[in-house]
Novice: 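Right, I'll just put the structure down here and ask away after.
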Amino acid sequence: MESVVSRSGWWLAALFISTVAMAKAIDWGFAVHMGIFALAALIGLVISLRTTDFHAAARGILRLPDDQTRYDDDLIRFGVIATVFWGMAGFLVGLVIALQLAFPVLNLGLEWTSFGRLRPLHTSAVIFAFGGSALIATSFYVVQRTCRARLAFPGLARFVFWGYQLFIVLAATGYLLGISQGKEYAEPEWYVDLWLTIVWVAYLAVFVGTIVKRTEPHIYVANWFYLSFILTVAMLHVVNNMNVPVSLFGSKSYPLWAGVQGALVQWWYGHNAVGFFLTAGFLAMMYYFVPKQAQRPVYSYRLSILHFWSLIFLYIWAGPHHLHYTALPDWAQTLGMVFSVMLWMPSWGGMINGLMTLNGAWDKVRTDPIIRMMVLALAFYGMSTFEGPMMSVKSVNSLSHYTDWTIGHVHSGALGWNGMITFSCIYFLVPRLWGRERLYSLRMVNWHFWLATLGIVFYASSMWVAGITQGLMWREYGADGYLVNSFVETVAALHPMYLLRAFGGGLFLIGAGVMTFNVWQTIAGRLRDELPLYQPKHDPAADRPLTAVPAE
């Protein structure tokens with residue numbers, strides 16, 4: 001009873017503070033966000049005061065298994081559903097803005113639907129909403145099973161998940177309202193950043209607390225990668241978002257860092273958000289789920305430790321390669337380039353470790369579409385971590401930077417590596433979390449694989465061609481020393497490539513829709529009556545006896 005009263009007190013205080021802030025707001029966007037805070041606090045208050053068990057009710061609605069005695073999996077189920085939902089939302093907005101670049105009339109003449117506001121909505125939806133929800137869900141799943149312990153601080157774990165979902169809603173609505181710092185991957189304003197900091201510290205406490213209370217003496221390598229992701233993202237987020245608000249009741253703030261220092265801090269943050277949020281966290285998924293699905297041990301545990309320490313040491317220095325040919329001192333640009341090139345070695349060490357884990361199980365690539373997705377994800381990880389260091393070299397960067405080549409590079413990694421490894425983890429988790437015999441349809445997983453693969457190929461290849469075309473047209477000079485091509489001419493030349501990109505994005509979205517239907521049907525407990533995915537061809541030689549039989 002005391003815990004219920006305590007929780008209710010916290011929710012009541014949050015409701016009061018957010019209501020006062022909404023009333024005293026000096027701009028409309030801040031008032032809307034404080035209203036969202038107040039609504040979230042009111043929902044939390046109502047739930048805490050209810051006499052019924054909310055989680056028991058949720059288990060009934062979602063048809064969850066009753067056995068919750070060993071691991072705390074309620075949040076992980078909600079996390080899987082949130083991952084699928086945010087993935088579909090982010091991919092859909094991505095397709096819309098791809099079409100807007102090909103057909104500007106689709107901006108509709110409205111500020112809320114303009115490319116400038118939808119583009120950060122897309123990036124945050126796929127990185128922080130889709131990717132972040134997947135990371136939280138899988139980290140809670142993996143840390144419990146590799147430590148043989150339930151989540152520490154279960155109430156705090158619930159705050160982490162739902163608090164992070166609130167952050168996503170605040171960030172997304174802020175972009176549509178025009179509330180933005182204008183920093184890549186760090187657009188939310190000061191009060192949203194403060195909320196995320198509180199949630200992230202709680203996330204660290206839950207994860208570390210679970211490791212501390214473990215009954216398994218060894219800390220599995222996946223937990224090393226998850227922990228490095230949580231710690232480093234916290235440091236990056238705090239340093240890059242040191243802002244001074246204009247008013248405690250307004251959305252606008254100004255950063256402490258400005259000029260060259262501001263650019264350096266931003267891309268120290270920006271590149272390492274890729275390095276630790278989109279690389280280290282997803283490598284943790286790879287190190288757990290690939291061996292589990294293949295039913296093989298990790299190829300080399302020593303290589304995984306070498307991969308870990310070399311990756312986290314080198315990645316943190318690579319950010320300045322985003323600022324080649326700027327006011328940043330040349331030595332800092334060169335430092336970023338050198339460390340970026342060195343990153344190729346540990347990155348490929350991780351890729352090789354993941355692929356070689358399939359030693360003795362390569363036949364499953366033919367028979368198991370989930371393994372096939374994991375192999376493709378590792379292949380794209382290897383390709384992206386070769387392309388990235390190559391693009392950091394100054395002579396290559398002079399052609400590639402500020403062009404669509406960078407867009408192709410980012411999306412081959414995001415869709416191919418992060419997307420495919422997340423899809424495969426969802427397919428692994430859903431039958432186990434809901435106690436089903438298998439997925440609703442393995443053939444639908446196969447359809448998803450090919451739709452997503454073709455979508456990535458169309459997307460990345462069209463952007464590579466578009467980027468190189470841009471770079472060459474921008475640097476073409478005539479005999480008189482003037483540029484040959486105007487900016488408008490370069491844009492017109494890219495129109496076919498933009499259409500191909502939208503086509504590829506559409507295929508990827510359709511594949512994700514197939515996954516959503518498959519997951520929905522699996523949760524509902526249905527099984528599709530279908531033939532096995534792989535049927536070996538009949539070999540006439542198999543009918544012959546092993547030894548020669550004399551003729552009669």
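We're numbering straight along the sequence, starting at 1. Heavy-atom basis, side chains included; hydrogens, waters and symmetry copies ignored.
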Novice: Tell me if the centroids of the rings in F30 and Y191 come within less than 6.0 Å of each other.
Specialist: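 Judged by ring-centre distance (under 6.0 Å), F30 and Y191 do meet the cut-off.
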Novice: Please confirm whether F339 and H321 have ring centers closer than 6.0 angstrom.
Specialist: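 Distance test on ring centres: not under 6.0 Å, no.
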Novice: Do R117 and L121 come within less than 4.5 Å of each other through their side chains, counting heavy atoms only?
Specialist: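 No - every pair of side-chain heavy atoms lies 4.5 Å or more apart.
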Novice: Taking the inter-plane angle between the rings of Y203 and W200 on a 0 to 90° scale, is it parallel (under 30°), tilted (30 to 60°) or perpendicular (over 60°)?
Specialist: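 The rings of Y203 and W200 stand perpendicular, inter-plane angle above 60°.
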Novice: Taking C-beta and beyond as the side chain, do L376 and F423 meet within less than 4.5 Å on heavy atoms?
Specialist: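 Counting from C-beta outward, L376 and F423 never come under 4.5 Å.
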Novice: Main chain of S251, side chain of D27: is a donor-acceptor contact present, judged purely on distance under 3.5 Å?
Specialist: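 Such a contact is found between D27 side chain and S251 backbone.
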Novice: So do the side chains of R501 and I407 get within less than 4.5 Å of each other, counting heavy atoms only?
Specialist: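 In short, these two side chains touch, coming nearer than 4.5 Å.
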Novice: Show, in sequence, the C-alpha distance, side-chain angles and deciding distance for F128 and F277, and conclude whether the ring pair (Phe, Tyr, Trp, His ring centres under 6.0 Å) test is met.
Specialist: CA-CA 9 Å; F128 298 116; F277 201 97; 5.3 Å; yes
Novice: For Y175 and S124, does a side-chain donor sit closer than 3.5 Å to a side-chain acceptor?
Specialist: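 Judged by distance alone, the side chains do pair up.
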Novice: Give me the atom names and distance for the closest heavy-atom approach of L151 to K213.
Specialist: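 Smallest heavy-atom distance, with atoms named: O-NZ, 4.1 Å.
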Novice: Anything under 30° is parallel, anything over 60° is perpendicular, the rest tilted; go ahead and classify Y459 against H411.
Specialist: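 Y459 and H411: parallel rings.
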Novice: More than 12 heavy atoms of other residues, nucleotides or ligands under 6.0 Å from NZ of K24: yes or no?
Specialist: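 At most 12 heavy atoms, drawn from other residues, nucleotides or ligands, come within 6.0 Å of this atom.
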Novice: Has E187 got a side-chain atom pairing as donor or acceptor with G182's backbone, closer than 3.5 angstrom?
Specialist: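 Side chain of E187 to backbone of G182, a donor-acceptor pair under 3.5 Å: no, none is there.
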Novice: When you look at CH2 of W190, are more than 12 heavy atoms from neighbouring residues, nucleotides or ligands closer to it than 6.0 Å?
Specialist: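 Result for CH2/W190: enclosed.
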Novice: Please work out which of the three classes, parallel, tilted or perpendicular, describes the rings of F159 and W195, given edges at 30° and 60°.
Specialist: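 It falls in the perpendicular class, over 60°.
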Novice: Under the 3.5 angstrom rule, does the side chain of Q333 hit a backbone N or O of Y325 as a donor-acceptor pair?
Specialist: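 Confirmed, Q333 side chain pairs with Y325 backbone.
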Novice: Within the supplied structure, the quantity of interest is the number of heavy atoms (other residues, nucleotides, ligands) at a distance under 6.0 Å from Y299 OH; does it exceed 12?
Specialist: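 At most 12 heavy atoms, drawn from other residues, nucleotides or ligands, come within 6.0 Å of this atom.
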Novice: So, do Y164 and F161 have ring centers that fall under 6.0 Å from each other?
Specialist: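 Centroid separation for Y164 and F161: 6.0 Å or greater.
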Novice: With a 6.0 Å cut-off (strictly less than), is the heavy-atom count around OH of Y301, excluding the residue itself, greater than 12?
Specialist: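 It does: Y301 OH has more than 12 such atoms within range.
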Novice: So with a 6.0 Å cut-off around CZ of F16, is the heavy-atom count from everything else above 12?
Specialist: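 Not more than 12 within 6.0 Å, no.
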Novice: What heavy-atom pair brings T334 and K394 nearest, and what distance separates the two atoms?
Specialist: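 So the two residues come closest at OG1-NZ, 3.4 Å.
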Novice: Stepwise, does the side-chain hydrogen bond (donor to acceptor under 3.5 Å, both in side chains) test hold for N353 with S304?
Specialist: CA-CA 7 Å; N353 210 6; S304 69; 4.6 Å; no
Novice: Between E216 and R145, is there a salt bridge with N-O shorter than 4.0 Å?
Specialist: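 Looking at E216 together with R145, the answer is no, because their closest N to O distance does not fall below 4.0 Å.
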Novice: Check step by step if side-chain hydrogen bond (donor to acceptor under 3.5 Å, both in side chains) holds for H324 and H401.
Specialist: CA-CA 9 Å; H324 284 329; H401 208 40; over 6 Å; no
Novice: With a 3.5 Å distance limit and no angle check, can you tell me whether D404 reaches the backbone of M463 through a side-chain donor-acceptor pair?
Specialist: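 Not a single qualifying donor-acceptor pair exists.
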Novice: Treating T210 as the side-chain partner and A152 as the backbone partner, does any N or O pair qualify as donor plus acceptor under 3.5 Å?
Specialist: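 Answer holds: yes.
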Novice: Taking all non-hydrogen atoms of both residues, which atom of C147 and which atom of N223 are closest, and how far apart?
Specialist: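 Closest approach of C147 to N223, heavy atoms only: SG-ND2, 4.0 Å.
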Novice: Relative to each other, are the rings of H322 and W267 parallel, tilted or perpendicular (30° and 60° limits)?
Specialist: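 Taking W267 first and then H322, their aromatic rings lie parallel (interplane angle under 30°).
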Novice: Looking at every non-hydrogen atom in both residues, tell me the closest pair between W224 and F308 and how far apart they are.
Specialist: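 Heavy-atom minimum between the residues: O-CE1, 3.2 Å.
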Novice: Check whether any side-chain N or O of R214 sits under 3.5 Å from a backbone N or O of I211 as a donor-acceptor pair, and report yes or no.
Specialist: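 Between the backbone of I211 and the side chain of R214 there is a qualifying donor-acceptor contact (under 3.5 Å).
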Novice: Do F130 and F91 pass the ring pair (Phe, Tyr, Trp, His ring centres under 6.0 Å) test, and can you show the C-alpha distance, the side-chain angles, and the key distance before you say yes or no?
Specialist: CA-CA 10 Å; F130 171 67; F91 303 150; 5.4 Å; yes
Novice: So which atom in G408 and which in A460 form the shortest heavy-atom distance, rounded to 0.1 Å?
Specialist: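 So the two residues come closest at O-CB, 4.2 Å.
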Novice: Does the T357 side chain pair with the main chain of P291, one donor and one acceptor, at a distance under 3.5 Å?
Specialist: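 Absent.
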Novice: Does the T173 side chain pair with the main chain of L170, one donor and one acceptor, at a distance under 3.5 Å?
Specialist: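 Side chain of T173 to backbone of L170, a donor-acceptor pair under 3.5 Å: yes, one is there.
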Novice: Take atom CZ in F115; do more than 12 heavy atoms of anything else shown fall under 6.0 Å from it?
Specialist: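 Yes - once you tally the heavy atoms of other residues, nucleotides and ligands closer than 6.0 Å, there are more than 12.
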Novice: Might you confirm whether atom NZ of K292 has over 12 heavy atoms from other residues, nucleotides or ligands at distances under 6.0 Å?
Specialist: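 Atom NZ in K292 is not crowded, with 12 or fewer foreign heavy atoms closer than 6.0 Å.
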Novice: Is there a donor-acceptor pair under 3.5 Å between the side chain of Y269 and the backbone N or O of Y185?
Specialist: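 Pair found, side chain donor or acceptor close to backbone of Y185.
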Novice: Under 3.5 Å, side chain of R150 to main-chain N/O of Y71, donor-acceptor pair present?
Specialist: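 Pair found, side chain donor or acceptor close to backbone of Y71.
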Novice: W257 and Q266: side-chain donor and acceptor closer than 3.5 Å?
Specialist: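 Side-chain D/A pair, W257 to Q266: absent.
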